[in-house]
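I have placed the structure first, in the form of structure tokens, so that the comments after it can refer back to it.
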Amino acid sequence: MANEERNLEIEKKISNIRFTKLFINGEFTDSISGKTFETVDPRTEETIAKVAEGDKEDIDLAVKAARKAFDHGSWPRLPGCERGKIMNKFADLIEENLEELATLEALDAGKVYSFEIAVDIPGIAKEVRYFAGAADKIHGRSLKLSSVFQGYTLLEPIGVVGLIIPWNFPSAMFTLKCAPALAAGCTMVVKPAEQAPLSALYLAHLAKVAGIPNGVINVVTGFGHTAGAAVASHMDIDCVSFTGSTEVGRLVMQAAATSNLKSVSLELGGKSPLMIFDDSNIEQAADLALFGSLANKGEICVCTSRVLIQEGIYDEVVKSIVEKAKKWVVGDPFDPATCQGPQVDRKQFERVLSYIDHGKREGASLLFGGKRCGEKGYYITPTIFENVTDDMIIAKEEIFGPVIGLMKFKTIEEAITKANKTSYGLAAGIVTNDLNIANRVSRSVRAGMIWINCYHNFDAGCPIGGYKLSGFGGMDHGMEALEKYLQTKAVVTPIYNSPWL
Ligand code: NAD
């Protein structure tokens with residue numbers, strides 16, 4: 001499709017955006033204050049839509065709706081298989097609305113449309129199906145107790161949950177949190193990120209069409225320090241599951257501690273290493289380094305912003321990474337040739353550019369990129385630094401942009417030491433054909449997810465969670481994700497006249 005034709009098509013889609021209001025108790029509604037905020041297209045820096053700005057009072061209404069649905073509604077009381085059936089319908093609708101969701105993600109968050117169509121949106125449908133299948137497999141244990149008693153545990157939904165999500169994968173984060181909470185039988189208030197709120201509202205609409213009862217999913221769009229803070233400190237929310245920065249994670253935990261001691265799960269930032277060993281295939285290693293750090297324009301909590309390369313193949317791998325970076329197309333996320341779209345907003349764009357300046361000032365050698373791309377939109381060239389040392393800001397802090405820091409190492413011990421030299425512990429990658437290296441390094445690196453000869457291979461069935469400043473309090477994905485939305489109750493009863501006592 002020619003550019004002009006495509007732009008007309010996109011204009012039409014923007015004018016057709018339907019859901020911009022809060023979603024409370026199954027209805028789209030204005031915020032109590034009547035205030036709105038603008039959500040901006042990072043390709044053009046122009047406003048896409050005005051979205052209702054929820055605040056504390058709106059969170060109160062949403063919590064009331066969720067509480068009523070939990071205490072008196074059908075959802076927590078349905079047999080698991082019935083919840084699963086409705087969730088599968090929700091997944092069907094996600095698949096049927098693939099293009100609409102992919103368009104919202106590209107417009108609102110600058111995500112590559114073709115990737116959304118092929119990977120992200122089908123992935124969120126799979127996530128919902130995975131937990132639809134889990135809904136009738138939530139069982140406690142039977143307990144043989146020491147005296148004339150027996151017991152069992154019940155796994156009950158924890159109650160009303162607050163789900164605070166970031167902007168880098170707006171749809172995926174929505175289902176990552178909602179799907180296990182729905183399977184567990186919880187009701188919820190979702191606070192999407194203010195930078196990219198549109199797909200959450202669209203998903204709420206699909207959930208309603210699928211038959212998820214009113215009040216089970218509520219979505220309050222708004223800012224973090226108002227609506228988000230109101231979720232974290234709410235006295236009638238039983239659990240908060242937060243994904244975002246470490247800095248805000250601390251605030252969420254403080255708010256939970258000083259309100260009703262709700263349980264807290266934090267999925268936070270990262271500074272993940274990719275370790276490339278001498279025996280690696282050069283092409284594969286360079287591909288993984290590039291994909292690991294530039295996918296989703298580096299706006300991924302697990303991205304490999306530190307690439308450690310063993311000295312024997314260092315020069316060859318670096319040459320190949322730079323060659324490949326030259327072919328990495330930055331541009332309009334709707335263009336099928338594009339590998340990387342714009343950063344999500346001006347703040348993030350300026351933040352990444354300021355890290356690039358730090359890298360230059362601190363003496364890292366810029367091999368490629370290092371500047372904005374074009375005149376309009378938040379585009380940044382893939383940026384590759386070498387001679388990066390552990391003490392540099394770009395080696396220590398999460399950049400959340402398309403910036404790769406290359407470092408050389410000699411021995412396996414040195415790779416492990418460097419990999420662990422971070423206050424984060426979310427993920428790590430290993431490239432090697434030597435099983436002994438793979439085994440040893442994967443057990444020595446303190447991170448919640450290790451990819452060997454692959455990267456960013458997320459799966460609904462594979463749990464992920466952080467070590468150290470990357471978070472705690474439960475995993476996302478996998479059956480483990482259910483745990484934070486469940487409460488264990490023990491029931492004990494005496495047994496009389498048993499021959500086995
Ligand atoms: P952020 O912490 O600024 O915001 C995340 C969410 O928290 C948003 O919805 C925001 O409105 C809300 N928020 C902000 N202030 C708040 C407050 N005081 N109280 C309650 N809520 C508040 O993060 P971001 O910039 O949206 O996302 C980027 C960060 O998220 C990065 O650090 C990234 O590593 C992290 N992240 C982690 C994972 C993971 O699985 N570990 C996944 C994706 C992103």
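Both ligands and their constituent atoms are indexed starting at 1 by order of listing. Just so you know, residue 1 is the first one in the sequence shown, and it goes up from there. Hydrogens, waters and symmetry mates are skipped; everything else that's a heavy atom, side chains included, is used.
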Under 6.0 Å between the ring centres of Phe368 and Trp328? no

Please confirm whether Asn168 comes within less than 3.5 Å of ligand 1 when only nitrogen or oxygen atoms on both sides are compared. no

Is at least one protein non-hydrogen atom found at under 4.0 angstrom from atom 4 (O) of ligand 1? no

Atoms in ligand 1 flagged as close to Leu426, the criterion being non-hydrogen separation under 4.0 Å: 41 (N)

Does Gly292 offer a backbone N or O that forms a donor-acceptor pair with the side chain of His456 under 3.5 Å? yes

Derivation of the salt bridge (charged side-chain N to carboxylate O under 4.0 Å, His left out) call for Asp238 and Lys262: CA-CA 5 Å; Asp238 301 294; Lys262 58 179 70 62; over 6 Å; no

Under 4.0 Å between heavy atoms, the region of Val231 that gets near ligand 1 turns out to be neither

Checking heavy atoms under 4.0 Å, the part of Phe400 that sits near ligand 1 is side chain

Which bit of Ala232 is near ligand 1, meaning a heavy atom under 4.0 Å away: side chain, backbone, both or neither? neither

Counting heavy atoms only, which part of Leu251 comes closer than 4.0 Å to ligand 1: side chain, backbone, both or neither? side chain

For atom 41 (N) of ligand 1, the protein heavy atom that lies nearest, with its residue and separation: Leu268 O, 2.7 Å

Relative to ligand 1, is Glu194 under 4.0 angstrom through side chain, backbone, both or neither, heavy atoms considered? side chain

Numbering the atoms of ligand 1 from 1, which are under 4.0 Å from a heavy atom of Pro166? 26 (O), 27 (O), 43 (C), 44 (C)

Evaluate whether atom NZ of Lys324 has more than 12 neighbouring non-hydrogen atoms of other residues, nucleotides or ligands under 6.0 angstrom away. yes

Spatial distance of atom CD (Glu100) from atom CZ (Phe19) [nearest 0.5 Å]: 10.0 Å

Among protein heavy atoms, which lies nearest atom 42 (C) of ligand 1, and at what distance? Cys301 SG, 3.0 Å

So Glu95 and Arg129, salt bridge (charged side-chain N to carboxylate O under 4.0 Å, His left out) or not? Walk me through it. CA-CA 11 Å; Glu95 283 164 355; Arg129 287 196 199 289; 2.9 Å; yes

Considering both backbone and side-chain atoms of Thr243, is one of its nitrogen or oxygen atoms within less than 3.5 Å of a nitrogen or oxygen in ligand 1? no

Taking atom 24 (P) of ligand 1 as the reference point, the nearest protein heavy atom with its distance: Trp167 NE1, 3.2 Å

Return yes if some donor-acceptor pair links the side-chain N/O of Ser293 with the main-chain N/O of Ile404 below 3.5 Å, else return no. no

Please say whether more than 12 non-hydrogen atoms of neighbouring residues, nucleotides or ligands are located less than 6.0 Å from NZ in Lys126. no

If you count the non-hydrogen atoms of other residues, nucleotides and ligands that lie under 6.0 Å from NZ in Lys13, is the total more than 12? yes

Let me confirm one number: the CZ-OG distance from Phe400 to Ser305, rounded to the nearest 0.5 Å. 10.5 Å

Counting neighbours of CD on Glu99 that are heavy atoms of other residues, nucleotides or ligands and sit closer than 6.0 Å, is the number greater than 12? no

Can you tell me if Phe242 has a non-hydrogen atom under 4.0 Å from ligand 1? yes

So does Ile464 get a backbone contact from the side chain of Asp476, meaning a donor-acceptor N/O pair under 3.5 Å? no

For atom 35 (C) of ligand 1, the closest protein heavy atom turns out to be Gly244 O, 3.1 Å

For ligand 1, is there an atom lying under 4.0 Å from some heavy atom of Glu299? no

Where on Lys191 is there a heavy atom closer than 4.0 Å to ligand 1, on the side chain, on the backbone, on both, or on neither? both

For atom 32 (O) of ligand 1, what is the nearest protein heavy atom, given as residue, atom name and distance? Glu398 OE1, 2.6 Å

If you take the nearest heavy atom of each of Gly228, Gly222, Gly224, which one is closest to atom 17 (C) of ligand 1? Gly224

Would you say Ala229 contacts ligand 1, with heavy atoms under 4.0 Å as the rule? yes

Ser31 side chain to Lys35 main-chain N or O, any donor-acceptor pair under 3.5 Å? yes

May I ask you to identify the nearest protein heavy atom to atom 12 (C) of ligand 1, giving residue, atom name and distance to one decimal place in Å? Ile164 CG2, 3.7 Å

So does Val302 get a backbone contact from the side chain of Tyr455, meaning a donor-acceptor N/O pair under 3.5 Å? yes

Give me the residue, atom name and distance of the protein heavy atom closest to atom 23 (O) of ligand 1. Ser245 N, 3.4 Å

Geometric N/O contact Asp476 with ligand 1, under 3.5 angstrom: no

Within a distance under 4.0 Å of any heavy atom of Ile165, pick out the atoms of ligand 1 and give their elements. 6 (C), 8 (C), 9 (O)

Ligand 1 atoms in contact with Pro192 (distance to a heavy atom under 4.0 Å): 9 (O)

The reported gap from CZ in Arg346 to CZ in Arg351 (rounded to nearest 0.5 angstrom) is 16.0 Å

Just which atoms of ligand 1 are under 4.0 Å from any heavy atom in Met173? 42 (C), 43 (C)

Look only at interatomic distance and state if Gln195 has a nitrogen or oxygen under 3.5 Å from any nitrogen or oxygen of ligand 1. no

Report yes or no: is the cationic atom of Lys111 (NZ for Lys, CZ for Arg) under 6.0 Å from the centre of the six-membered ring of Phe169, at an angle within 45° of the ring normal? yes

